Amino acid sequence: MTSKEQLIRLVRIQRVADNLRQAESVVAAAPAKIDEIEGRFRERNAEYVAIKDRYDELELDRKTRSSELEVLEENKTKYKDDLMQVKNQREYAAMLKEIDAVKAQISEHEEAILRDMEEIEKLTGELATHEEHIQQEREAVEVETRAVEQASTEARRSIDRLTAERGELENGLPAGLLANVRRLEETRRGVFLSKAGDGTCQTCYVRLRPQVYQEIKMAAAVHTCGNCRRLLFYEPGITAALAEAGGSPAEPAAPEASAPADGGVEAVNGGAV
Ligand SMILES: [Zn+2]
């Protein structure tokens, strides 16, 4: 593979990598976004939420106590049976004490359940007054949440597709070059490539030796910036070659938006060299 072909691949890999990072951030941000939607709902409907939370709390208490009550009733029956089996006065007194204790627990539960039910009835009425409004609010939350989930699902699909695409683009590139790319990605926030222009690295603006700059312009070698260590390419030549090749399917709209204008002007210079 020629240096120019390698550089074309690297430019395409950088684009794919940028899109991958973008897609990964969409997936990563989704849970917090959904929490935020839910949080805003709770904020907007604080009064309703307070009533609903209390309602849920009471419902839970009522259900828990009801099932506990069943166990207590069973215990009471068992103790009463046991009472028939006692052998002396001391055992009899002890058993009566158990029965009294369980009876007290039963009545405590029964009273609490009754209180729960009274309050539940009152809150049911209050919730009903909010119902129509909350229905609309819930629908809005669902629409928003679904949009976030859908974006996340699409981003996941993009990640799969882009990962495969990157694998294909890396295929055939020298292992040392790829290792360098990965190292740079880790230390340079994913940006391993830099444009060269006006005799400088266009990322850190360090001046390049004229000889090196010429080679970069002609795509005769893959050079690294002596300062930021990024791999350097001369955009007009590579962009033209990419356009001839039909471009990459993962071509992003934004980063390349200014390229045609730049490329047009600089191509004149490039041709004169
Ligand atoms: Zn640099």
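Whatever order the structure lists ligands and atoms in, that order sets their numbers, starting from 1. When a residue number appears, it is its place in the shown sequence, counting from 1. The figures that follow rest on heavy atoms only: side chains count, while hydrogens, waters and symmetry mates do not. Everything quoted here is computed from the prediction, not taken from an experiment.
Residue Arg209 qualifies as open at atom CZ: its count of foreign heavy atoms under 6.0 Å is 12 or below.
Protein-derived N/O/S atoms nearer than 2.8 Å to the Zn ion (ligand 1) total 4, waters excluded.
Taking the six-membered ring where the residue is Trp, Tyr48 and His130 present tilted rings, their angle falling between 30° and 60°.
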**OP:** For Arg54 and Glu119, run side chain to side chain contact (heavy atoms under 4.5 Å, CB included): C-alpha distance rounded to whole Å, both residues' side-chain angles, the deciding distance at 0.1 Å, then the answer.
**Re:** CA-CA 9 Å; Arg54 177 67 182 149; Glu119 199 178 340; 2.8 Å; yes
**OP:** List the steps, then state whether side chain to side chain contact (heavy atoms under 4.5 Å, CB included) holds for Leu231 with Leu177.
**Re:** CA-CA 10 Å; Leu231 302 165; Leu177 180 62; 4.1 Å; yes
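Under 3.5 Å, the side chains of Gln211 and Glu215 contain a donor-acceptor pair of N or O atoms.
Listed here is the closest heavy atom pair of Gly172 and Met1: O-CE, 3.5 Å.
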